[in-house]
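For reference, the structure discussed in these notes is given below.
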Amino acid sequence: MKIDFFKYQGAGNDFVIVDNRQQIFPKDDFDLIERLCDRKFGIGADGFMLLENAKDCDFKMEYFNADGRPGSMCGNGGRCIVAFAKTLNLFEASTSFVALGKKYQATITGELVHLKMMDVDHIEMHKDHVFLDTGSPHHVTFIENLSEFNVVEHGRQIRYGSPYFEKGTNVNFVEKLNENTFSVRTYERGVEDETLSCGTGVTAVALASFHLEKTKEKKVHIKTRGGNLKIEFEEGQKGYKNIILSGPATFVFNGTIDIG
Ligand SMILES: N[C@H](CCC[C@H](N)C(=O)O)C(=O)O
């Protein structure tokens with residue numbers, strides 16, 4: 001069977017998207033999804049997404065990591081699927097979609113997609129890191145000389161170590177550049193490698209930076225290897241709310257692939 005796919009990237013975090021409103025895609029076939037994401041045997045991507053119909057929303061997003069397994073929330077993927085949904089005329093100026101049973105809202109202005117992330121109530125503070133869930137789990141550590149740092153080696157050690165083990169976590173290494181700007185590199189669970197950027201990861205870094213008083217700003221700029229992202233948020237009674245992740249989400253190419 002041949003399927004049409006669309007390749008997008010958001011700040012260098014890249015995705016294959018398939019329009020599955022007709023339920024044509026065999027989504028239980030994790031080996032197939034892994035192969036489609038493979039950069040040598042397939043199309044190549046950090047993640048795979050299906051756009052499906054949803055009841056009270058414009059569409060549903062189903063996200064899979066490059067290892068073919070269903071992932072948790074993906075911030076850059078969310079922004080990319082919103083850009084894709086726009087080309088299908090599924091909404092005008094703003095959209096709401098469902099992912100992992102949660103409702104998300106987004107808007108588009110020019111090249112930028114602004115995605116409202118889930119509220120974050122808990123930030124775990126540890127001696128040398130913080131841990132929080134922004135839709136996906138994130139371990140955040142501040143370091144120096146980020147550009148020289150071996151992200152894969154250290155990220156992998158933390159991801160597979162205590163207390164995460166098999167379930168794992170995404171791991172972000174951060175360096176402060178100025179009062180409201182941070183540089184971030186992320187080791188992504190499910191890709192098991194460094195990716196060029198991670199949306200839920202930079203969101204976690206922005207909140208962690210504010211929480212640790214490394215910035216007083218509630219509008220934080222993040223530089224990643226794949227581009228720049230911006231996070232705005234408000235303090236809620238318990239934690240953080242109205243968290244908006246903004247950045248580019250760009251169509252790269254489309255094609256047809258025989259999935260057997
Ligand atoms: N790249 C994604 C995160 C994917 C989540 C995945 N790595 C997991 O922990 O299941 C992002 O932009 O937020």
Side-chain angles (χ1 to χ4, degrees), residues 7-17 27 30 33-34 37 39 44-50 61-84 97 99-102 104 106 112-118 120 131-140 151-152 155-156 158-161 163-174 182 184-208 220 222-231 233 243-250 252:
K7 179 83 193 283
Y8 275 74
Q9 59 90 7
N13 204 189
D14 63 340
F15 309 98
V16 169
I17 309 180
K27 57 180 155 192
F30 297 158
I33 296 173
E34 184 178 21
C37 291
R39 297 191 188 277
D46 296 327
F48 176 83
M49 289 183 281
L50 295 172
M61 155 180 167
E62 283 220 28
Y63 183 78
F64 301 79
N65 279 314
D67 66 2
R69 308 271 147 183
S72 40
M73 181 56 185
C74 180
N76 286 331
R79 295 187 311 94
C80 286
I81 205 166
V82 165
F84 176 58
F97 65 96
L100 292 141
K102 280 199 167 61
Y104 287 89
L112 301 178
V113 179
H114 315 274
L115 174 62
K116 182 161 183 265
M117 310 296 283
M118 67 176 212
V120 174
F131 178 80
L132 63 161
D133 194 319
T134 52
S136 281
H138 285 280
H139 179 112
V140 178
V151 167
V152 174
R156 197 165 281 165
I158 294 168
R159 177 261 188 261
Y160 286 105
Y164 308 115
F165 301 117
E166 195 151 323
K167 186 160 177 267
T169 183
N170 300 285
V171 186
N172 304 272
F173 300 99
V174 192
F182 297 83
V184 178
R185 291 175 63 192
T186 305
Y187 174 92
E188 257 193 67
R189 165 182 87 162
V191 182
E192 304 314 337
D193 204 349
E194 179 178 9
T195 54
L196 292 183
S197 81
C198 175
T200 50
V202 299
T203 304
V205 166
L207 298 178
V220 174
I222 305 276
K223 286 192 191 308
T224 71
R225 289 189 148 183
N228 299 332
L229 292 159
K230 187 179 78 180
I231 301 97
F233 53 89
I243 305 164
I244 313 283
L245 168 68
S246 300
T250 310
V252 188

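Both counts, for ligands and for their atoms, begin at 1 and track the order of listing. Everything numeric in this text was worked out from a predicted model, so none of it was measured.
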Side chains of E166 and Y160: is there a donor and an acceptor less than 3.5 Å apart? no
Any heavy atom of D46 under 4.0 Å from ligand 1? The part involved is neither
Say whether Y63, considering both its backbone and side-chain N or O atoms, lies within less than 3.5 Å of an N or O atom on ligand 1. no
Does ligand 1 come near enough to G199 that some N or O of the ligand is less than 3.5 Å from an N or O of the residue? yes
In the protein, what heavy atom is nearest to atom 7 (N) of ligand 1, and what distance, to one decimal place, separates them? R189 O, 2.8 Å
Decide whether an N or O pair under 3.5 Å exists between N170 and ligand 1. yes
Quick test: of every protein heavy atom, which one is nearest to atom 2 (C) of ligand 1, and how far off is it to 0.1 Å? C74 SG, 2.9 Å
Side chains of F131 and Y164, heavy atoms from C-beta outward: is any pair under 4.5 Å? yes
Would you call the rings of F97 and Y104 parallel, tilted or perpendicular if under 30° counts as parallel and over 60° as perpendicular? parallel
Report, in ascending order of atom number, the atoms of ligand 1 lying under 4.0 Å from any heavy atom of G71. 10 (O)
Show your working on side chain to side chain contact (heavy atoms under 4.5 Å, CB included) between E194 and F173 and close with a plain yes or no. CA-CA 11 Å; E194 179 178 9; F173 300 99; over 6 Å; no
Hey, is ligand 1 close enough to G201 that some N/O pair sits below 3.5 Å? no
Going by the order shown, which atoms of ligand 1 are within less than 4.0 Å of some heavy atom of S136? 5 (C), 8 (C), 9 (O)
Distance-only donor-acceptor check, side chains T200 and N170, under 3.5 Å: no
Kindly determine whether T250 and R79 satisfy side chain to side chain contact (heavy atoms under 4.5 Å, CB included), including the steps that lead there. CA-CA 9 Å; T250 310; R79 295 187 311 94; over 6 Å; no
Which of the numbered atoms in ligand 1 are under 4.0 angstrom from any heavy atom belonging to N76? 11 (C), 12 (O)
Hey, what do you get for CE (M49) to CD1 (I81), rounding to the nearest 0.5 Å? 5.0 Å
Would G190 count as a contact of ligand 1 if the rule is a heavy atom under 4.0 Å away? no
Which value, rounded to the nearest 0.5 Å, describes the distance between I222 atom CD1 and S246 atom OG? 12.0 Å
Numbered in order shown, the ligand 1 atoms found under 4.0 Å of a heavy atom of E188 are 1 (N), 2 (C), 3 (C), 4 (C), 7 (N)
Roughly how far apart are K27 NZ and F48 CZ, rounded to 0.5 Å? 10.0 Å
Of the protein's non-hydrogen atoms, which lies at the shortest distance from atom 6 (C) of ligand 1, and what is that distance? N65 OD1, 3.2 Å
Heavy-atom nearest neighbour of atom 13 (O) of ligand 1 within options T200, T134, L245: T200
